[in-house]
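Data block below; observations after.
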Amino acid sequence: MRASQFFLATLKEAPQEAELASHKLMLRAGLIRKLGSGLYSWLPAGIRVLRKVERIVREEMDRAGALEVIMPPVQPAELWQETGRWELYGPMMLRIKDRAEREFCYAPTAEEVITDIARKELRSYRQLPVNFYQIQTKFRDEIRPRFGVLRAREFSMKDAYSFDADEAGMLASYRRMFDAYGRIFTRLGLKFRSVAADSGEIGGSASNEFQVLADSGEDQIAYSDASDYAANIEQAEALAPSAPRAAASAPLKKDPTPGVSTCEGVAKLWNEPLARTVKAILLTANDRVHMLLIRGDHSVNEIKVGKVPGLKGWRWSTDGEILAAAGGPAGYLGPVGLDRAKITVVADRTVAAMSDFICGANEKDFHLRGANWGRDCPEPDLVADVRNVVAGDPSPDGKGRLALVRGIEVGHVFALGRRYSEAMGATFTAEDGAQRPFEMGCYGIGITRIVGAAIEQNHDERGIIWPDPMAPFAVAVIPLGLHKSEAVKAAAEKLYGELAGAGVEAFLDDRNERPGVLLADQELVGIPHRLVIGERGLKEGIAEYQHRRDAQATKVPLAEAAAFVRARLAG
RNA sequence: CGGGGUGUAGCGCAGCCUGGUAGCGCACUUGCUUUGGGAGCAAGUUGUCGGGGGUUCGAAUCCCUCCACCCCGACCA
């Protein structure tokens, strides 16, 4: 491709809407333009990258035996009502009506449609297993779209759905997809980790996420420093302290803490470590108020809370409920002196093992110190893991300690089971003649998100640095003074021709611009390899090769330049 | 949805407080010079000042209202 025939929409300055590096760079490099909140057009340079990602995903899905289909992005409400998700999905789903006032949605995902296809088309166990996938535009009306294509409302997703006759088969299909995903992200040249995950709204038993590692990621990943354990922090288990609870050694004492309503404040006021304090959080579930107790330096894991018996569908208690159940206001709450008929005490595993702790006195402007389970208040009604793990916690698999890194979720595989097949009556005739619901799995990859995540992971102050497999062009040929030197022009054209002839995606920047402009654009757009041709080098018979990550250029004899680059690409 | 902020040329911004009919840089067009890291000079082009309403002789500027976009939050008691 010649620059003169391409549309290079680079910008010197980033539009003010962009905050994150990848978002700014995608706009500046001319990959995308914003149409509205969470809506992006993809320009020619962006499309080239997107197609590369799609191609690798397709190849690996095909190789794993999945079959490509396309389902309509506009789907009738009836299907979603069958599974109850028409209501469940809530405002995330964009709902539309046709001229006859029939309700539709713009697909946020396609379990219902694919299950409908399965129940109509798949009749016998002999047809199983089968795995359908599509690469399609999805729409999710996110509460707050942000970070450009990383959390857009409209985005491209590869979604696959497997159908098996039994659970063992389904788990094998799941495994095949898991392995395919690993190959995809490896081939894309990204640093990633697969982690155990919460299955969330989609439901099902097993679930793994694929996270591209990047400091700006929205997700936190906990991994063991001594094993291959890795999990999303939403899911990572915080083990109970191994040491038994120490005996009470301090007397219970109530002291004023005027205006100090946080653990941090009390710890500072009393010059005590934050880890000695306990914070109380009141939740209401099933019309009963619960006091959740977390160590002062820990944070609540809302997903774990929802899994505690009796806390499914919990919400934060109102101020009125708090006062009525605990007797004191928020900020001064604790387990001592509660009427347990009115309130259930749920202690985090760590808190249950604490002694001589600091907590609220259930009275405005007072806290307690030297509080002890058993002596000062009854033992907790429930002890559960409800906090987020922190770095240094023991790994749940018993090997090593946990460390935390940030990641961007680009893939997610779910072992669904029969949730959708049962809800929609999708059955097949089994070997014994009985009708059985399909065992399903579903597998997503955020195609557009991968592009943003790759940039987030691979950029510097000058611009993008594409991994070779995703680069819009493999190599930039940059002639310095093409419009004034016949020798430069001839050498650049020859080199470009050699590369193109060898099937290398070369970009010849034949614009009549100063060298700085050409070089800056190549660096901004992130073309990973470049060959500079200038009069200076021609005198020596060389081209200057430089990888986007190289600090210095390497002189390469002109005649060998094309082969030199091809060797780098192969490696 | 709550809080904060921003909307002025394609992009980045000033002007607004203290009303007087719109400006800077980049980009774009033309010409000349220049050409190994985002050129210089000269001459141009580009605006319903987010929309609507109001106050006023007069509104980008003051008031009301709506809209769009961005950031933080929507747990931490």
P spacing across the pair B/A60 / B/G23, given as an integer number of angstrom: 13 Å

Opposite nucleotide pairing with B/C75, Watson-Crick or G-U, both atom distances under 3.5 Å: none

A/Glu456 bridged to A/Arg406 by N-O distance under 4.0 Å: no

Residue A/Glu523, side-chain heavy atoms: nucleotide from B/G37, B/G36, B/G38 that is nearest: B/G37

Smallest separation among heavy atoms of A/Arg276 and A/Asp356, with atom names: NH1-O, 2.9 Å

Test: A/Arg295 and A/Asp297 ion pair at under 4.0 Å: yes

Pair A/Asp393 + A/Arg401, salt bridge at N-O below 4.0 Å: no

Basic-acidic side-chain contact under 4.0 Å: A/Arg48, A/Glu505: yes

P spacing across the pair B/G73 / B/U55, given as an integer number of angstrom: 43 Å

Rounded P spacing from B/C28 to B/C70 in Å: 28 Å

N/O contacts under 3.5 Å, protein versus nucleotides 22-25 of chain B?
from  : atom 1 : to      : atom 2 : distance (Å)
B/G25 : N2     : A/Glu13 : OE1    : 3.4

Pairing nucleotide - B/C41, Watson-Crick or G-U, each distance under 3.5 Å: B/G31

Strand-adjacent residues in residues 486-499 of chain A, judged by heavy atoms under 4.0 Å from RNA chain B: none

Lys/Arg-Asp/Glu bridge criterion (N-O < 4.0 Å) met for A/Asp381, A/Arg340: yes

Sugar-phosphate, base or nothing in reach of A/Arg462, heavy atoms under 4.0 Å: base

Gap in Å between the two P atoms, one belonging to B/C11 and one to B/G50, rounded: 13 Å

B/U48 - base-pair partner by Watson-Crick or wobble geometry, distances under 3.5 Å: none

Sub-4.0 Å heavy-atom contacts from residues 535-551 of chain A onto RNA chain B, ordered by number: A/Glu535, A/Arg536, A/Gly537, A/Glu544

Donor + acceptor pair across side chains of A/Asp365, A/Tyr332 (<3.5 Å): yes

Flag if over 12 foreign heavy atoms under 6.0 Å of CG, A/Asp215: no

Ionic contact status for A/Arg151 with A/Glu218, cut-off 4.0 Å: yes

Pairing nucleotide - B/C17, Watson-Crick or G-U, each distance under 3.5 Å: none

Identity of whatever pairs with B/A60 - Watson-Crick or G-U, under 3.5 angstrom: none

B/A68: pairing nucleotide in any strand, Watson-Crick or G-U under 3.5 angstrom: B/U6

Heavy-atom donor-acceptor pair, A/Thr284 side chain to A/Val289 backbone, under 3.5 Å: no

Distance-only donor-acceptor test (3.5 Å): side chain A/Arg511, base B/G38: no

Those residues that, when tested against A/Asp385, pass side chain to side chain contact (heavy atoms under 4.5 Å, CB included) (two or more places apart): A/Glu237, A/Ala238, A/Lys304, A/Asp348, A/Arg349, A/Arg387

Which protein N or O atoms sit under 3.5 Å from an N or O of nucleotides 29-35 of chain B?
from  : atom 1 : to       : atom 2 : distance (Å)
B/U34 : O2     : A/Arg514 : NH1    : 2.9

Candidate pair A/Glu321 and A/Lys342, rule salt bridge (charged side-chain N to carboxylate O under 4.0 Å, His left out), full reasoning: CA-CA 10 Å; A/Glu321 287 171 335; A/Lys342 289 193 214 162; over 6 Å; no

SB check A/Arg530 A/Glu544 (cutoff 4.0 Å): no

Between B/G53 and B/U6 - C1' atom distance, rounded Å: 22 Å

Span that lies between the C1' atom of B/G38 and that of B/G12, in whole angstrom: 15 Å

Rounded distance (Å) that lies between atom P of B/C26 and atom CZ of A/Arg28: 17 Å

Test: A/Arg2 and A/Glu493 ion pair at under 4.0 Å: yes

Euclidean distance, A/Tyr223 OH relative to A/Leu402 CG, rounded to 0.5 Å: 10.0 Å

Salt-bridge contact A/Arg548-A/Glu523 (side-chain N to carboxylate O under 4.0 Å): no

Backbone N/O of A/Gly38 and side chain of A/Arg153: donor-acceptor pair under 3.5 Å: no

Pairwise C1' distance, B/G51 and B/U8 [rounded to whole Å]: 15 Å

Annotated protein contacts, base or backbone, on nucleotides 69-77 of chain B with a non-hydrogen cut-off under 4.0 Å, one of B, S, - each: SSBB-BBBB

P atoms of B/G5 and B/C41, separation to the nearest Å: 40 Å

Between B/A39 (C1') and A/Leu519 (CG): distance, integer Å: 15 Å

Donor-acceptor side-chain pairing of A/Asp509 and A/Gln522 below 3.5 angstrom: no

